[in-house]
Amino acid sequence: MKLTTCLTSLLLLLSTSLLTMPGAYAERVEPTGRDTPVIATFDKSSPPAQLDIWKDESGGYDSDNDPLWGRNTWICLSSSNPVNGECSTSVTGVVNGNTTIPVIFTEKRSHLTQIINLTGYHDIYTTTGNACGVSPKQPWGGPYQVYAGMQANCNDGEANDESKLSVYVTSQELSKLPSGGIWEANLKMSLMQWSPRIKLADWNARITLNVTDNNNQQIYLPEFGQAAPLVNLNMRPLPGNGINKVSVIGSASIDVCLYDGYNANSSAFMLTINDSYTGQGNRTMTDFSLVRQGGNESNDRDRIDYLVDILNPDTNTIQTVTRGTQMTFTKIQQAHIRQVHLPGLPQPVICVPAPLTLSTQMFEINSKNAGGYRGTLELNFTPSLY
């Protein structure tokens with residue numbers, strides 16, 4: 001037998017590509033404007049340590065033309081009016097330090113105003129290499145006043161090609177807000193080219209501070225101020241049929257205003273009204289009661305019932321209160337409001353009127369035991385802020 005050996009050849013086709021490595025190239029980011037919403041929510045008792053409006057926001061750069069935007073800077077629209085921020089309206093040379101920028105904050109519902117000082121500055125950067133031994137990610141110099149046009153030169157001929165702006169507000173300034181509420185401000189600045197001095201863009205920040213004041217939420221009774229309220233039902237006789245048929249009736253009005261610590265910007269109010277009666281008398285759910293001092297709560301002759309009506313803030317109509325049942329009012333932001341001075345608050349605030357009327361039904365005086373009658377009306381108020 002003849003063995004034949006077959007040799008099989010395998011041809012592999014190999015290929016490769018040579019990539020040309022590029023050299024250094026210029027980096028360029030055009031200067032652009034800002035329309036920045038800034039929203040913060042906090043309680044007046046514990047404002048944040050710092051609230052950033054802008055943090056290291058670039059004014060543009062061109063690494064192939066250092067001076068083009070490297071000396072960019074920011075100015076205010078007014079040097080005398082803080083409505084949109086007050087600072088220099090002119091570009092200057094080198095001025096170190098931070099810039100104080102007063103801005104007017106306006107409370108949305110009450111229209112109260114408060115000037116709050118923002119703090120601003122800018123640093124300078126280089127975007128390429130390690131010129132002057134500084135990393136591109138680290139500031140080369142600063143802080144400088146927001147309006148100061150700054151340029152730093154190195155021995156190798158390089159210079160900074162970028163400015164970055166930071167503006168913030170401190171806890172100390174936020175604590176100046178006199179009350180809770182929705183405080184709004186508009187900061188407006190212009191991004192400027194240092195030389196030639198031309199405007200490059202608008203920088204606007206729309207600031208909204210949702211400030212609660214939970215420590216000052218209260219049911220305010222203007223008639224009593226800080227005194228303990230004592231209401232007389234003003235019982236008075238009506239004409240009767242003889243000496244044993246004298247009928248009486250009584251009523252009283254209580255001015256009530258509900259303050260949510262948020263200047264009536266809440267989404268809803270919850271109010272529950274109850275009394276302190278613990279007897280076993282037969283009452284309807286709309287009955288509230290006074291009891292004769294020293295009397296028996298379960299004895300009908302020692303109890304006088306009365307109704308409570310409230311002016312509903314939602315509908316602006318009279319509503320009879322059901323004892324112990326929560327009433328929820330959901331149209332607070334459209335309700336009638338009143339400006340009042342509350343104890344401990346430096347400026348007037350907004351509360352929502354919810355006056356009460358207390359009234360007894362007519363009854364014969366000889367159906368009750370003689371004496372002084374007392375009771376306690378309990379109002380529990382809880383706002384839903386958001």
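Just the heavy atoms: all of them, side chains too, but no hydrogens, waters or symmetry mates, feed the values below. Position 1 is the first residue of the sequence, and the numbers go up from there.
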> Got a sec: does the CE of M362 have more than 12 other heavy atoms crowding it under 6.0 Å?
Replying inline: no
>> Which heavy atom of S163 sits nearest to which heavy atom of I124, and what is that distance?
In response: OG-CG2, 4.0 Å
>> With a 3.5 Å distance limit and no angle check, can you tell me whether T89 reaches the backbone of S79 through a side-chain donor-acceptor pair?
In response: no
> Looking at side-chain heavy atoms only, is the closest gap between F105 and E173 below 4.5 Å?
Replying inline: no
> Would a line drawn from the ring center of F381 to the ring center of F269 be shorter than 6.0 Å?
Replying inline: yes
> If we only count heavy atoms from C-beta on, is the C76 to E86 side-chain gap below 4.5 Å?
Replying inline: no
>> Could you check whether R197 and S195, counting side-chain N and O atoms only, form a donor-acceptor pair closer than 3.5 Å?
In response: no
> Can you name the closest pair of heavy atoms from S266 and I332 and give their distance?
Replying inline: O-CB, 3.6 Å
>> Do L174 and I104 sit in one hydrophobic cluster, given that two such residues count as connected whenever their side-chain heavy atoms are within less than 4.5 Å of each other, even indirectly?
In response: no
> Which class fits the ring pair Y144 and H122: parallel under 30°, tilted 30 to 60°, perpendicular over 60°?
Replying inline: tilted
> Between V103 and P82, is any pair of side-chain heavy atoms under 4.5 Å apart?
Replying inline: no
> How close do L191 and P31 get, heavy atom to heavy atom, and via which atoms?
Replying inline: CD2-CB, 3.7 Å
> Does CG belonging to N282 count more than 12 external heavy atoms closer than 6.0 Å?
Replying inline: no
>> Take a 6.0 Å sphere around CD of Q280 and say whether it holds more than 12 heavy atoms from other residues, nucleotides or ligands.
In response: no
>> Counting C-beta onward and ignoring hydrogens, is there a side-chain heavy-atom pair between N210 and K108 closer than 4.5 Å?
In response: no
> Just how far is it from atom CD1 of I254 to atom CD1 of I310, taken to the nearest 0.5 Å?
Replying inline: 10.5 Å
>> Show me the pairs that pass salt bridge (charged side-chain N to carboxylate O under 4.0 Å, His left out) and involve residues 319-346, at least two apart or across chains.
In response: D255-R338
>> Let me confirm one number: the CG-CH2 distance from L200 to W69, rounded to the nearest 0.5 Å.
In response: 8.0 Å
>> Count I, L, V, M, F, W, Y as connected when their side-chain heavy atoms are under 4.5 Å apart, and connections chain through other members. Are V169 and F42 then in the same cluster?
In response: yes
> Does I116 reach the side chain of W183, with side-chain heavy atoms less than 4.5 Å apart?
Replying inline: no
> When rounded to the nearest 0.5 angstrom, what is the spacing between CG in N84 and CD1 in I101?
Replying inline: 12.0 Å
> What closest approach, in Å, do R34 and S58 show between heavy atoms, and which atom pair accounts for it?
Replying inline: NH2-O, 3.2 Å
> Do side-chain atoms of Q145 reach the backbone of N98 as a donor and acceptor pair under 3.5 angstrom?
Replying inline: yes
>> Between N380 and E378, is the side-chain hydrogen bond (donor to acceptor under 3.5 Å, both in side chains) condition met? List the steps.
In response: CA-CA 7 Å; N380 293 296; E378 302 172 351; 5.1 Å; no
> Just by modelled atom types, is the A264 backbone N or O under 3.5 Å from a matching donor or acceptor in the R109 side chain?
Replying inline: yes
> Does some side-chain heavy atom of L258 sit less than 4.5 Å from a side-chain heavy atom of C351?
Replying inline: no
> When rounded to the nearest 0.5 angstrom, what distance separates CD1 in I219 from CG in L271?
Replying inline: 6.0 Å
>> Keeping E297 on the side-chain end and T278 on the backbone end, is there a donor-acceptor pair under 3.5 Å?
In response: yes
> Any salt bridge between D202 and K188, counting N to O under 4.0 Å?
Replying inline: no
> Between D275 and R283, does a salt bridge (charged side-chain N to carboxylate O under 4.0 Å, His left out) hold up when you go through it step by step?
Replying inline: CA-CA 12 Å; D275 66 2; R283 300 195 300 172; 2.8 Å; yes
> Between D309 (side chain) and T357 (backbone), is there a donor-acceptor pair under 3.5 Å?
Replying inline: no
>> Tell me whether K44 contacts the main-chain N or O of L177 through its side chain, where contact means a donor paired with an acceptor under 3.5 Å.
In response: yes
>> Going by ring pair (Phe, Tyr, Trp, His ring centres under 6.0 Å), name the residues that satisfy it together with Y125, two or more places apart in sequence or in a different chain.
In response: none
> Has the side chain of T208 got a donor or acceptor atom that lies under 3.5 Å from a matching backbone atom of E184?
Replying inline: no
> Can you list the steps and then say if D302 with N296 is a side-chain hydrogen bond (donor to acceptor under 3.5 Å, both in side chains)?
Replying inline: CA-CA 6 Å; D302 286 335; N296 181 354; 5.8 Å; no
>> Assess, by modelled atom type and distance only, whether the side chains of Q50 and D52 contain a donor and an acceptor separated by less than 3.5 Å.
In response: yes
>> Under a 3.5 Å cutoff, is there a donor and acceptor pairing between the side chains of S179 and N263?
In response: yes
> Between S298 (side chain) and G279 (backbone), is there a donor-acceptor pair under 3.5 Å?
Replying inline: no
> Do Q193 side-chain atoms and L68 backbone N/O form a donor-acceptor pair below 3.5 Å?
Replying inline: yes
> Do Y306 and L379 share a hydrophobic cluster (ILVMFWY, side-chain heavy atoms under 4.5 Å, transitive)?
Replying inline: yes
>> With a 6.0 Å cut-off (strictly less than), is the heavy-atom count around NZ of K368, excluding the residue itself, greater than 12?
In response: yes
> Do you know the tightest heavy-atom contact between P383 and Q217?
Replying inline: CG-NE2, 3.5 Å
> Can you check side chain to side chain contact (heavy atoms under 4.5 Å, CB included) on L356 and I273, steps first, answer last?
Replying inline: CA-CA 11 Å; L356 302 178; I273 302 180; 4.0 Å; yes
> Do the ring planes of W203 and W54 sit parallel (below 30°), tilted (30 to 60°) or perpendicular (above 60°)?
Replying inline: perpendicular
> Do you know which two heavy atoms are closest between V248 and P237, and how far apart they sit?
Replying inline: CG1-CA, 3.9 Å
>> Exactly one of R28, E30, K164, E162 should register a side chain to side chain contact (heavy atoms under 4.5 Å, CB included) with Y61. Which one does?
In response: E162
> Got a donor-acceptor contact below 3.5 angstrom from the N234 side chain to the N232 backbone?
Replying inline: yes
>> For L51 and Y168: C-alpha separation, side-chain torsions, deciding distance, then whether side chain to side chain contact (heavy atoms under 4.5 Å, CB included) applies.
In response: CA-CA 6 Å; L51 175 63; Y168 62 91; over 6 Å; no
> How long is the gap from CZ on F329 to OG1 on T315, to the nearest 0.5 Å?
Replying inline: 8.5 Å
>> Applying ring pair (Phe, Tyr, Trp, His ring centres under 6.0 Å), can you list everything that pairs with W194, at least two apart in sequence or on another chain?
In response: none
>> As an exercise, state the distance from CG of L233 to CD1 of I249, rounded to the nearest 0.5 Å.
In response: 11.0 Å
>> What I want to check is whether the side chains of S289 and D305 have a donor and an acceptor closer together than 3.5 Å.
In response: yes
>> Checking N265 against E107: is there a side-chain donor and acceptor pair closer than 3.5 Å?
In response: yes
>> A side-chain contact here means heavy atoms from C-beta on lying under 4.5 Å apart; do Y386 and T41 qualify?
In response: yes
> Is the closest side-chain heavy-atom distance between M327 and V321 below 4.5 Å?
Replying inline: yes
>> Would you say CD of Q361 has more than 12 non-hydrogen atoms from neighbouring residues, nucleotides or ligands within 6.0 angstrom?
In response: no
> Between I304 and V231, is there a shared hydrophobic cluster once you connect ILVMFWY residues whose side-chain heavy atoms come closer than 4.5 Å?
Replying inline: yes
>> With clusters defined by side-chain heavy atoms of hydrophobic residues (ILVMFWY) lying less than 4.5 Å apart, directly or transitively, does L307 cluster with Y373?
In response: no
